[in-house]
Amino acid sequence: MLLKIYNTLLKTYGYQGWWPLLSCKGTNPTKTGSMRGYHPGDYSYPKNNLQKFEIIIGTILTQNTSWQQAEKALINLNTINALSPSAIISLDSRMLRSAIKPAGYFNQKASYLKNAARFFILLDNKAPARDELLAVKGIGPETADSILLYAYSQPEFVIDAYTKRIFSHLEIIKREDNYPMIKQLFENNLPKDYKLYQEYHALLVEHAKRCYARKPYDDKLLGRYAKKRNYEL
DNA sequence: AACCAGGACGTGA
DNA sequence: TCACGTCATGGT
């Protein structure tokens, strides 16, 4: 069932090209919102440590914030040459706060970014464990999974507000289900493939932006799954 | 003028 | 464990 929904979304919206990177010139004209940095169908990113770190910074900046706003903050950081771990650490806190202001919560996020930068240097080119990520103040379950999935190509399914909204509306999950429950549902019923996980989450975001932005939800594309009720989960 | 955006943390029960 | 308040800018 989950694969069927994935295929429907993929056929409808096409490859999304996540995670967007400033240094990546590819665009995806079918996408809503910002067009910068996408690389549809190419899962070979990130290609170096700097791109890994940019993804980590991005996951924090986009917390409860639209990507468009997070991207403005990233561009500001890039302008002052502060997209490396060492630059974030040494950057004056007031400068950091003003650079990321468009992304909101700039006081918290400035602190979170410094934590993430110190953590990234401590990693010393190794991949982080999920528990290690969660121990960093500012990295919660969704951010940790986004980092593992998109920066480190680990098959960790990302559950966000959109995912909960779509699948509770389809009555595949309940609204009171917590993060690990929903995550296990996906990971237990899908091939453990990071490319699939990356694309699926990106497609869910795209679908939610288009059809679940505001009540009453527009369920013209997947609403029929809610009525059939013949899932085999 | 509310409401929402690719959440996480601190607190109190 | 968990519900709740807080954090903050910008688009619709």
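Here is the naming used below: chain letters follow the sequence lines, and residue numbers restart at 1 for every chain. Quick caveat: nothing in here was measured; it's all calculated off a predicted structure.
Taking atom CD1 on A:Ile60 and atom P on B:dG7, their separation rounds to 13 Å, with Å as the unit. Between A:Asn178 atom CG and B:dG7 atom C1' there is a gap of 15 Å when expressed in whole angstrom units. A straight line from CD of A:Glu176 to P of C:dT1 spans 18 Å, rounded to a whole angstrom. Rounded to whole angstrom, the span from the NZ atom of A:Lys109 across to the P atom of B:dA5 amounts to 14 Å. For the pair A:Met181 CE and C:dT1 P, the interatomic distance rounds to 14 Å; values are reported in whole Å. One interatomic measurement links the two molecules: CG of A:Leu61 to C1' of C:dA8, which rounds to 13 Å at whole-angstrom precision. What separates CD of A:Glu71 from P of B:dA5 is a distance of 19 Å, to the nearest Å.
Listed by first then second residue, pairs satisfying side chain to side chain donor-acceptor pair (under 3.5 Å) with a partner in residues 190-200 of chain A read A:Tyr43-A:Glu199, not counting sequence neighbours. Each ring-ring contact (aromatic ring centres under 6.0 Å, His included) pair with one or both residues in residues 124-152 of chain A, not counting sequence neighbours, appears once here: A:Trp18-A:Tyr150, A:Trp19-A:Tyr150. Residue pairs meeting the salt bridge (charged side-chain N to carboxylate O under 4.0 Å, His left out) criterion with at least one member in residues 103-129 of chain A: none, sequence neighbours excluded. Pairs of residues two or more places apart, or lying in two chains, never qualify as ring-ring contact (aromatic ring centres under 6.0 Å, His included) while including a residue from residues 81-114 of chain A. Pairs of residues two or more places apart, or lying in two chains, that qualify as salt bridge (charged side-chain N to carboxylate O under 4.0 Å, His left out) and include a residue from residues 83-97 of chain A are A:Asp92-A:Arg94. The list of side chain to side chain donor-acceptor pair (under 3.5 Å) pairs with a residue in residues 140-149 of chain A, not counting sequence neighbours, reads A:Gln63-A:Thr143, A:Arg130-A:Asp145, A:Asp145-A:Tyr179, A:Asp145-A:Lys183.
Applying the ring pair (Phe, Tyr, Trp, His ring centres under 6.0 Å) test to A:Phe120 and every residue at least two apart in sequence or in another chain returns A:Phe53.
To the nearest whole angstrom, the two C1' atoms, one in C:dA3 and one in B:dA5, are 22 Å apart. For the P atom pair drawn from C:dA8 and B:dA1, the interatomic distance equals 23 Å after rounding to whole Å. Comparing the P positions of C:dG10 and B:dA8 gives an interatomic distance of 22 Å, to the nearest angstrom.
Clustering of Ile, Leu, Val, Met, Phe, Trp and Tyr side chains at separations under 4.5 Å places A:Ile121 together with A:Ile89.
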Review item, nucleotides 10-12 of chain C N/O atoms under 3.5 Å of protein N/O:
unit_1, atom_1, unit_2, atom_2, d
C:dG10, O4', A:Gln69, NE2, 3.2
C:dG11, OP1, A:Lys72, NZ, 3.2

Could you pull out the protein-nucleic contacts involving nucleotides 3-5 of chain C (nitrogen or oxygen on both sides, under 3.5 Å)?
none

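Taking all atoms of both residues into account, the shortest heavy-atom contact from A:Ala103 to A:Ala70 is CB-CA, 4.2 Å. Taking every heavy atom of both residues into account, A:Thr163 and A:Val158 meet most closely at OG1-O, 4.0 Å.
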Query raised in the report: Can you give one letter per nucleotide of nucleotides 8-13 of chain B, 5' to 3': B if a protein heavy atom sits under 4.0 Å from the base, S if only from the sugar-phosphate, - if neither?
Result: SSS---
**Report entry** Candidate pair A:Thr79 and A:Asn76, rule side chain to side chain donor-acceptor pair (under 3.5 Å), full reasoning
**Finding:** CA-CA 5 Å; A:Thr79 299; A:Asn76 288 343; 5.2 Å; no
Query raised in the report: Can you check side chain to side chain donor-acceptor pair (under 3.5 Å) on A:His169 and A:Tyr212, steps first, answer last?
Result: CA-CA 10 Å; A:His169 185 242; A:Tyr212 286 77; 3.1 Å; yes
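Ring planes of A:Phe186 and A:Phe167: perpendicular class, angle over 60° (limits at 30 and 60°). Using a 30° and 60° split on the angle between ring planes, A:Tyr13 and A:His207 fall in the tilted class, from 30° to 60°.
Within residues 42-56 of chain A, no residue has a heavy atom under 4.0 Å from DNA chain B.
Nucleic acid contact for A:Ala208: none, since no nucleic acid atom lies under 4.0 Å from a heavy atom of the residue. Residue contacts shown for A:Arg97 are absent, as no nucleic acid heavy atom lies under 4.0 Å away.
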